[in-house]
Every structure is written in structure tokens, then in C-alpha cells.
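Remarks on the structure that follows.
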Amino acid sequence: MCESEMTKYRHTDPNWETGNAKRDQPRICPVSGKKMYANEGEAKTTAAHRMSDKESARMQLRTYKCLYCGAWHLTRKEA
Ligand SMILES: [Zn+2]
């Protein structure tokens with residue numbers, strides 16, 4: 001007897017997607033006025049995206065950890 005062919009289809013709960021969609025507003029450092037990144041990787045990813053943008057292709061960004069808020073910021077690096 002084999003009953004392993006039960007259908008795996010399940011209807012999605014209609015309430016499943018409500019509530020927890022967009023909750024991450026960018027936080028701004030009160031001292032530097034820069035956008036706060038939770039970790040270095042996130043800051044670097046954003047920096048890479050910005051530097052790959054044509055309009056700001058010449059802009060060099062580096063990441064640093066803020067002494068005041070403890071988050072990571074991006075700052076422009078002199079070429
Ligand atoms: Zn800061």
C-alpha cells in the first residue's frame with residue numbers, strides 16, 4: 001500500500017501576506033546625518049551599487065563604523 005502521492009498543493013492563507021511587508025524605513029544618524037547601515041556588508045553592498053551607477057561612477061565610497069550611533073555609514077573618498 002502506497003499513499004505517498006498525496007497532493008502537495010495547498011491554498012495560501014489570504015492573510016499570510018498582510019502585515020509584515022514594508023517595515024524597514026531608513027534610519028538616519030543624528031550626528032552625521034548619514035544613512036545608517038546595520039553592518040559592514042550592507043554598507044558595502046550599497047556602496048558598490050552606487051559606484052556602479054553611471055552618474056556617480058567616479059565617486060569612490062568607503063564604509064566606516066560610526067563612533068556615535070554604532071552603525072555603518074558611507075563616506076566619499078578622495079580620488
Ligand atoms: Zn552615525
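One-based numbering, in listed order, for ligands and for the atoms of each.
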Donor-acceptor pairs are to be reported for all side-chain atoms of residues 28-35 against protein atoms at under 3.5 Å, with residues two or more places apart or in another chain.
residue	atom	partner	partner atom	Å
Ser32	OG	Lys34	N	3.2
Ser32	OG	His73	NE2	3.4
Lys34	NZ	Leu74	O	3.3

Legend entry - Interatomic spacing from OH in Tyr37 to OG1 in Thr46 - rounded to 0.5 Å: 4.0 Å

Inset, instruction - Mind checking the OG1-NZ spacing from Thr63 to Lys77? Nearest 0.5 Å is all I need. - result: 9.5 Å

Legend entry - Minimum heavy-atom distance between Trp72 and Ala38, given as atom pair plus value: CD1-O, 4.1 Å

Inset, instruction - Could I get the full list of salt bridge (Lys or Arg N to Asp or Glu O under 4.0 Å) partners for Glu40, not counting sequence neighbours? - result: Lys44

Inset, instruction - Report the residues that fulfil side chain to side chain contact (heavy atoms under 4.5 Å, CB included) with Arg27, sequence neighbours left out, ordered by chain and then residue number. - result: Met36

Inset, instruction - Please indicate how many protein N/O/S atoms are found closer than 2.8 Å to the Zn ion (ligand 1), with waters neither displayed nor included. - result: 4

